[in-house]
Amino acid sequence: MKKKSFNKVLALALASTMAFGLAACGNGDAPSSAPSDSETQSSASDSGSTPAESNSGEDQSTGGEVARQTITWSVLDLNAGNNNVGEYAEQIFQQIEDYVGHDIEITWVANDASAEKNSLFFANPKTMPMIMSYGGTMTGDVVKAAKDGAFIDLNEYIWDAAKYPNLAGMSKDVAANLTVDGKLVGLPRCRVVGRYGLSYRQDWAEALGVELPENATPDDVYNMLVAMKNGNENHEGFCEYPMEMTLYTGPFDIIQTWFGCGNGWAEVDGQLVPVWMQDEYFEAVEYIKKLYDEKLMPQDWPSRPTDSWSEGCKKGENGVFIDVLDSGKRIWNYFVAEETKTPSVVNPEEDASMVLYGAVNGHTLATAGYNGFFTLSASTLDTPEKIEAALTVLDKLSDPEMQVLTQFGLEGINYELVDGKVNKLDLEDEALAGNYKGLNQLLTFLPSTEATTVPVVNTERDEAQNAAYEAALPYAEIDPALSFKVNSETYALQGADLDEQAKALRSQYICGEITLDQLKSGLDDIRAKGYDQIITEINEQYAVNK
């Protein structure tokens, strides 16, 4: 049975809402924090027809018929295989295919295995999915594959606003970060710039009297972690390892900014250098090592898979989560759904809750305006019809109807409409929400961001997230070398591997496997193996673009 169509009020509300919020990917050359233009967000619902009826294979820009294609797509699995599963899963996916007018075959790829899987595709381009998904920013093997001609040059297609009204709204600044040798080879998954920060258990901090002040320092965070572990005069401790941590080392990058480190790279004396050449880097690493040595984070963090991340906070094993602020909100949502209470001899009935804090010491990490991206295969998208079909799929998935379906599910089952806004009904039913879980990984969110695309009846948690995004934005450190790394020949060949070596050295030092002198000599070796050449190539570009 087809989903009941959106009424005209909803369609107009969805379109008008696009103009608000922190849009990381605005139209044209607008700054990354500027509101996006919503005029291109037209809705098939204006006609009163269902999404499927409005998009059944017809090319809306020409009025001609386009043969239905099958688009293969590798998509990152961040949910341990629990994507688009349940009683309504097939119905939801069928509605997506009917709306975009093409069939989609998804291969879910575990995030931890994606680099290895992609390398196999690059080695044999004929096996490449037509659309490939990646996390993070464009580096390493992807840049090399782009130089080898593995991907479609999207410049030839996506700026046609009549055909691709959503994709055409991409920021030119973001496009520059996805351009290799003048060819635009990636479409971003747009993100709020001030998305990273620290979240913590508010109920625990209140009981201990260690809530973070307005301008918290790293010492304030340390004191809170110690209190959560050991207790204080106010209350006994709550957990063995207060800071949640897995093998993903992004939290360390965030902590480094608290000490004045850049985001991957920084400008020092007029030159761009990797952050491990900053004095502040070693101050930050000593702080992180102290957290490890005092068992304020799990001792086995290097072996904990990323798909289990946030489970520690949900289960009460940890009280501090450092990464994207929306994950802090999702932990809080879980507490509400499970009616989690504070284990306390003082007030055992207090509800568990989270504070989404954001910047510490006036610093946090910025996104690149996107986090993750899509490429289109030049080998398997071997006809104009297939290329157009793939781009149509990506473009139409950003329409308001698809934003709602992939993020909120079915009307009357997962949500209801209240004054033209989505009111979520499945916050306390994870199984029901599982019917559309993971499908947001198909979205570019162009030309806006995941925080501002649809009008939603906000919960207290939603309001806290949006406020945290806004508060973090002025303090978010941008990577100044991002667009230059993409076009550094040496970085394309060696950069990703050398970056991983630097991260490994940091982890080894934090865990006490090497000395500080060994850390420093290891970083010197990385410079000698090619990073000095990368620094030269980055700064040659930087000098031209100052």
Side-chain angles (χ1 to χ4, degrees), residues 25 69-79 81 83-84 93 96-97 100 102-158 164 166-167 170 174-175 177-181 183-191 306 368 370-383 385-398 406 438-446 486 492 495-496:
C25 289
Q69 304 287 332
T70 297
I71 301 301
T72 57
W73 196 337
S74 66
V75 181
L76 293 182
D77 176 7
L78 305 179
N79 300 304
N83 302 288
N84 188 213
F93 199 76
I96 292 173
E97 291 183 317
V100 301
H102 299 285
D103 298 324
I104 303 171
E105 291 183 0
I106 290 179
T107 299
W108 295 99
V109 179
N111 190 46
D112 294 341
S114 61
E116 180 181 356
K117 189 76 171 177
N118 291 343
S119 293
L120 294 174
F121 289 139
F122 297 154
N124 189 0
K126 290 297 183 183
T127 67
M128 236 185 237
M130 295 173 178
I131 303 175
M132 291 177 63
S133 306
Y134 311 82
T137 56
M138 184 174 290
T139 58
D141 287 350
V142 185
V143 174
K144 183 179 183 302
K147 288 177 176 290
D148 292 339
F151 310 123
I152 300 291
D153 180 3
L154 301 173
N155 278 318
E156 300 177 13
Y157 302 94
I158 68 157
Y164 311 115
N166 296 315
L167 302 184
M170 178 168 42
V174 172
N177 297 332
L178 295 164
T179 297
V180 178
D181 293 341
K183 297 179 180 179
L184 176 61
V185 295
L187 291 172
R189 298 197 71 241
C190 294
R191 286 294 182 270
T306 56
Y370 70 100
N371 185 16
F373 58 97
F374 305 115
T375 59
L376 275 67
S377 167
S379 57
T380 49
L381 288 170
D382 52 6
T383 67
E385 292 77 16
K386 290 178 182 178
I387 295 171
E388 183 170 342
L391 289 170
T392 296
V393 168
L394 287 161
D395 186 81
K396 288 186 178 298
L397 280 167
S398 281
T406 55
L439 294 178
N440 63 346
Q441 295 298 313
L442 304 177
L443 302 178
T444 64
F445 295 106
L446 285 167
V486 174

Taking side-chain contact (heavy atoms from CB on, under 4.5 Å) as the test, write out the residues that go with [X], two or more places apart.
{"X": "A110", "result": "A113"}
{"X": "D153", "result": "N155, E156, K183, L184"}
{"X": "D112", "result": "L247, P305, T306"}

For [X], give me all partners under side chain to side chain donor-acceptor pair (under 3.5 Å), at least two apart in sequence or on another chain.
{"X": "S119", "result": "D141"}
{"X": "N83", "result": "D77, N79"}
{"X": "K386", "result": "D382"}
{"X": "S379", "result": "S377"}

Ignoring hydrogens and angles, tell me if any N or O in the side chain of [X] forms a donor-acceptor pair with the backbone of [Y] under 3.5 Å.
{"X": "E97", "Y": "I104", "answer": "yes"}
{"X": "S398", "Y": "L446", "answer": "yes"}
{"X": "D395", "Y": "L391", "answer": "no"}
{"X": "T72", "Y": "M130", "answer": "yes"}
{"X": "R189", "Y": "F445", "answer": "no"}

Separation of [Y] [atom2] from [X] [atom1] (nearest 0.5 Å):
{"X": "T107", "Y": "F121", "atom1": "OG1", "atom2": "CZ", "result": "6.5 Å"}
{"X": "K117", "Y": "M132", "atom1": "NZ", "atom2": "CE", "result": "10.0 Å"}
{"X": "L394", "Y": "L154", "atom1": "CG", "atom2": "CG", "result": "9.0 Å"}
{"X": "T392", "Y": "I387", "atom1": "OG1", "atom2": "CD1", "result": "11.5 Å"}
{"X": "F122", "Y": "F151", "atom1": "CZ", "atom2": "CZ", "result": "4.0 Å"}
{"X": "L442", "Y": "N84", "atom1": "CG", "atom2": "CG", "result": "9.0 Å"}

Close side-chain approach of [X] and [Y], heavy atoms under 4.5 Å:
{"X": "M138", "Y": "V143", "answer": "yes"}
{"X": "F93", "Y": "L439", "answer": "yes"}
{"X": "I131", "Y": "I71", "answer": "yes"}
{"X": "V142", "Y": "F373", "answer": "yes"}
{"X": "L187", "Y": "L178", "answer": "no"}

What are the two closest non-hydrogen atoms of [X] and [Y], and how far apart are they?
{"X": "G135", "Y": "N371", "answer": "C-OD1, 4.5 Å"}
{"X": "T380", "Y": "P125", "answer": "CG2-O, 4.0 Å"}
{"X": "A492", "Y": "K144", "answer": "O-CB, 4.2 Å"}
{"X": "V109", "Y": "S74", "answer": "CG2-CB, 4.2 Å"}
{"X": "A378", "Y": "I152", "answer": "CA-CD1, 3.8 Å"}
{"X": "V174", "Y": "A368", "answer": "CG2-O, 4.2 Å"}

Kindly indicate, with the supporting measurements, whether the criterion side chain to side chain contact (heavy atoms under 4.5 Å, CB included) is fulfilled by T444 and L397.
CA-CA 8 Å; T444 64; L397 280 167; over 6 Å; no

Among residues at least two apart in sequence or on other chains, which ones pass salt bridge (Lys or Arg N to Asp or Glu O under 4.0 Å) with D181?
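By the salt bridge (Lys or Arg N to Asp or Glu O under 4.0 Å) rule, D181 matches K147.
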
Name all pairs fulfilling the side-chain hydrogen bond (donor to acceptor under 3.5 Å, both in side chains) condition that reach into residues 121-138, sequence neighbours left out, sorted by first residue then second.
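Residue pairs passing side-chain hydrogen bond (donor to acceptor under 3.5 Å, both in side chains), neighbours aside: W73-S133, Y134-T375.
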
